Protein chains: 2
Amino acid sequence: MESVNIKKLAQLLNLSIATVSKALRDSYDISQETKDKVLALAKELNYQPNPHASFLRKQNSKTIAVIIPEIANNYFTLAINGIESVAQEKGYHVIIYLSHEDFHREVAFTKLLHTGRVDGVLISVSSTTTDYTHLHQLQDKGLPIVFFDRVCEHFNTVKVTTDDYQSAYLAASHLIEQGCKRIAHLAISQSLSIGSKRAKGYLQALQDNGITPAASLLIECTNDDEQDVKLIRDLLEQQQPDGIFAAIERYAIAGYELCDLLGLNIPGDVKIISFSNLQTASLLNPSLSTITQPAFEMGREAASMLLKKLEKKNFQLPDESIVIQSKLIARKSTMK
Amino acid sequence: MESVNIKKLAQLLNLSIATVSKALRDSYDISQETKDKVLALAKELNYQPNPHASFLRKQNSKTIAVIIPEIANNYFTLAINGIESVAQEKGYHVIIYLSHEDFHREVAFTKLLHTGRVDGVLISVSSTTTDYTHLHQLQDKGLPIVFFDRVCEHFNTVKVTTDDYQSAYLAASHLIEQGCKRIAHLAISQSLSIGSKRAKGYLQALQDNGITPAASLLIECTNDDEQDVKLIRDLLEQQQPDGIFAAIERYAIAGYELCDLLGLNIPGDVKIISFSNLQTASLLNPSLSTITQPAFEMGREAASMLLKKLEKKNFQLPDESIVIQSKLIARKSTMK
DNA sequence: ATGAAAGCGCTAACAA
DNA sequence: TTGTTAGCGCTTTCAT
């Protein structure tokens, strides 16, 4: 790779390397004339500063890491869109790491970030993460971290979430309003912030409406499709719920498939509502009632905070949650 | 960021920097004893080599760029999964760039890659890209480029595609078999490789079955949802096709929504089949017949070739197409 | 207004 | 077997 570097520009212009460097950053002790010459040549040769060399001096890489559990997931792709929109605007590069819901991979990734590869980290933790020392170690090294969606509550930084408790409460309440009595919750790992909040919202809604929650109706699903199918099938067959509130889209999809298989009518036999960012929710058979998360905005907000920290020397990431509301959209799957 | 570097290790161990460096890469002229000491301390302090400093010497960043038009798209997320699986296995980092179907952004990204930020590029070009000089310039600098899905036919490198022509031919043939006479094609930009191939396959299938293709039934859709809706609506209302073959998922979704709106029955009034990697194709109302692309495998294959080139000094990327077949899955939307 | 030179962390050629 | 040193491309302080 024979690239154009400052040295070459300097040679061609009969200037010193230092002068060229300063001209490129528009330093005020370089004459306009020289600047013009330098800029013109730089443009002509498509000069790009070497980011690695810059890093060594400036200690910044203009790169951020995004660590997420998976990517074939509408929530996360929309969040990435939000993140990328901010990154592109500010000239940052985005490295994507997929933990595949595996704590050990997540730890391995963070280890790779200990030395300058990125300037900051956006993370939504894996469902098997219960220990956050790998992230604390990163933070101790001075790397800013911002959480989104699946956050660590007791971490001194910004955490961008949606109103999981409230939305779950509304989802369960909606099922009750539509006449459901035996409402099941397909929960995601209770060690996740979103898992416990959504479950709590569900439980509270039942209680507030005089329904005693049954342990047999609160199913903690997994990351394994096959196992989830078994769990949900058992639920449908043995517990005969008349309402299902799915904590994530994947569980709702499995629910649809199983109802199909078992000959259960939605919403006649069982009504379903789910946290979901599915574009085709309204085209499903029947259309799926959803709690739609502000995925793009969450990504955007998380990235904005991180980049603000990176760009403004006096700005510290506050220890606070930024909550952006979800929307409940009732469709046919919860119709009376 | 006060990180552990080689200097610090050397000081703590009373060794020279060079010795430590060699011990870390397991050089054979360092004693086992020294190696053990070095490795132990490195592990204890969680030493990570600074990638930027390494780059300056070794001219490799262990990073690849993935440039794609968009990410909220099942094909691309699956492809990224494939790419990431290879990258993770080989210890490479993946930077994602989203061109949002905009040629100028694509060019801007490639400009940023001219100086060592990445070792190689995987790209699926934007639908507004007709000029490939930005990519030739990159290649001229010695950066290996591998295309996938939306390729540039006349580019001297590996191009990973699916059998677009053949699959389109099959899709159109399938509609004919199901009794369709007036078959429309919702085409994607004809300047894209996939756009023209899919259209050609469609046209050939009609001709081979004694149907004269009508220009009014070949609609080139756009990147703008609103405009597409108008185009498809006009098609449905004015041309009354009894079959639609959509080149990409998004057009089929729009078709579903419009049939709903216009009171057209699928598959009674109009049958629909689409290139699509939608997970919920079978849950739509009615379930959608698809040509499902081997997205994961395509990403995996493209990344494998690129990394092979990066890792093996004597391997040159051949000027060839690697074609992985798609599968036609007939569902209710094309039922007789 | 311009240039010389040090140094960021690392590797590798060469010396000891 | 270990150490010294030059240099990757850049920024920045300090001369000139």
Side-chain angles (χ1 to χ4, degrees), chain A residues 1-39 41-42 45-63 112-119 141-142, chain B residues 1-39 41-42 45-63 112-119 141-142:
Chain A
M1 276 230 295
E2 358 64 53
S3 304
V4 194
N5 55 25
I6 282 199
K7 200 165 153 188
K8 191 155 181 185
L9 292 182
Q11 281 169 352
L12 291 170
L13 290 165
N14 256 320
L15 285 169
S16 76
I17 290 176
T19 305
V20 174
S21 173
K22 284 180 210 160
L24 287 169
R25 25 215 77 253
D26 204 24
S27 163
Y28 49 81
D29 53 29
I30 298 293
S31 73
Q32 193 56 48
E33 193 191 358
T34 306
K35 279 185 195 170
D36 290 345
K37 275 196 298 187
V38 172
L39 263 356
L41 187 65
L45 301 184
N46 187 25
Y47 165 78
Q48 293 289 332
N50 183 307
H52 306 289
S54 302
F55 172 86
L56 241 42
R57 290 291 313 204
K58 303 200 299 181
Q59 300 289 319
N60 77 52
S61 60
K62 281 272 183 180
T63 305
L112 295 172
L113 304 182
H114 272 262
T115 317
R117 191 172 285 274
V118 299
D119 299 338
K141 284 256 171 95
Chain B
M1 276 231 294
E2 358 65 51
S3 305
V4 197
N5 54 25
I6 282 200
K7 200 163 153 188
K8 191 157 182 182
L9 292 181
Q11 282 170 353
L12 290 170
L13 290 166
N14 256 321
L15 286 168
S16 77
I17 290 177
T19 306
V20 174
S21 173
K22 284 182 213 160
L24 287 170
R25 24 214 79 250
D26 203 25
S27 163
Y28 48 80
D29 54 30
I30 298 292
S31 73
Q32 193 56 50
E33 194 190 359
T34 307
K35 279 185 193 169
D36 290 345
K37 275 197 299 186
V38 172
L39 262 356
L41 187 66
L45 301 185
N46 187 27
Y47 166 78
Q48 294 289 333
N50 184 309
H52 305 289
S54 303
F55 172 85
L56 240 43
R57 289 295 314 207
K58 302 200 299 181
Q59 298 291 319
N60 77 52
S61 61
K62 282 272 184 181
T63 306
L112 295 172
L113 304 180
H114 272 263
T115 319
R117 191 173 283 276
V118 299
D119 299 337
K141 284 258 171 92

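Only heavy atoms go into these numbers, but all of them, side chains included; no hydrogens, no water, no symmetry mates. None of these values were measured; they are calculated from a predicted model. Below, read A as the first sequence line, B as the second, and so on, with proteins coming before strands; counting in each chain starts at 1.
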- Axis-to-axis angle across the helix from dA1(C)-dT16(D) to dA16(C)-dT1(D), five pairs each end, nearest 10 degrees, ~ 50°

- Message: Can you measure Lys8(A) atom NZ to dC10(D) atom P for me and round it to whole angstrom units?
- Response: 12 Å

- Task: List the atom of Lys62(A), the atom of Asp119(A), and the distance in Å for their closest heavy-atom pair.
- Result: N-OD2, 2.7 Å

- Query: Could you write nucleotides 10-16 of chain C as a row of B, S and -, 5' to 3', where a protein heavy atom under 4.0 Å of any base atom gives B, of only sugar-phosphate atoms gives S, and otherwise -?
  - Reply: BBBBB--

- Item | Set of residues satisfying side-chain contact (heavy atoms from CB on, under 4.5 Å) with respect to Lys37(B), sequence neighbours excluded | Leu13(B)

- Query: Considering all heavy atoms of both residues, which atom of Leu56(B) and which atom of Ala53(A) are nearest to each other, and what is their separation?
  - Reply: CD1-N, 3.8 Å

- Lys37(A) has an atom NZ; how far is it from atom P of dA1(C), in whole Å? 14 Å

- Item | Distance (rounded to the nearest 0.5 Å) between Asn50(B) CG and His52(A) NE2 | 10.0 Å

- Message: Is the shortest side-chain heavy-atom distance between Thr63(B) and Arg117(B) below 4.5 Å?
- Response: no

- Nearest-Å distance, CG (Leu13(B)) to C1' (dG3(D))? 15 Å

- Note on the structure: Gln11(B) atom CD is separated from dG3(D) atom P, nearest whole Å, by 13 Å

- Task: Please assess Val38(A) against Ile30(A) for the test side-chain contact (heavy atoms from CB on, under 4.5 Å), listing each intermediate value before the final yes or no.
- Result: CA-CA 11 Å; Val38(A) 172; Ile30(A) 298 293; over 6 Å; no

- Note on the structure: To the nearest angstrom, the CD1-C1' distance between Ile30(B) and dT1(D) comes to 7 Å

- Query: Taking only side-chain nitrogens and oxygens of Ser31(A), does any of them come within less than 4.0 Å of OP1 or OP2 of dT2(C)?
  - Reply: yes

- Task: Please report the shortest heavy-atom distance between Ser54(B) and Pro49(B), naming the atom on each side.
- Result: OG-CB, 4.4 Å

- Message: Test side-chain contact (heavy atoms from CB on, under 4.5 Å) on Leu41(A) and Tyr47(A); report intermediate values, then the result.
- Response: CA-CA 8 Å; Leu41(A) 187 65; Tyr47(A) 165 78; over 6 Å; no

- Message: Between C1' on dT11(D) and CG on Asp26(A), what's the gap in Å once rounded to a whole number?
- Response: 16 Å

- d(NE2, His52(A); P, dG9(C)) in whole Å: 16 Å

- Item | Point-to-point distance, once rounded to the nearest 0.5 Å, from NZ of Lys141(A) to CD of Gln48(B) | 8.0 Å

- Presence of Thr19(B) side-chain N/O under 4.0 Å of dG3(D) phosphate oxygens OP1/OP2: yes

- Message: Measure CD/Gln59(A) against C1'/dG9(D) and give the value in whole Å, please.
- Response: 15 Å

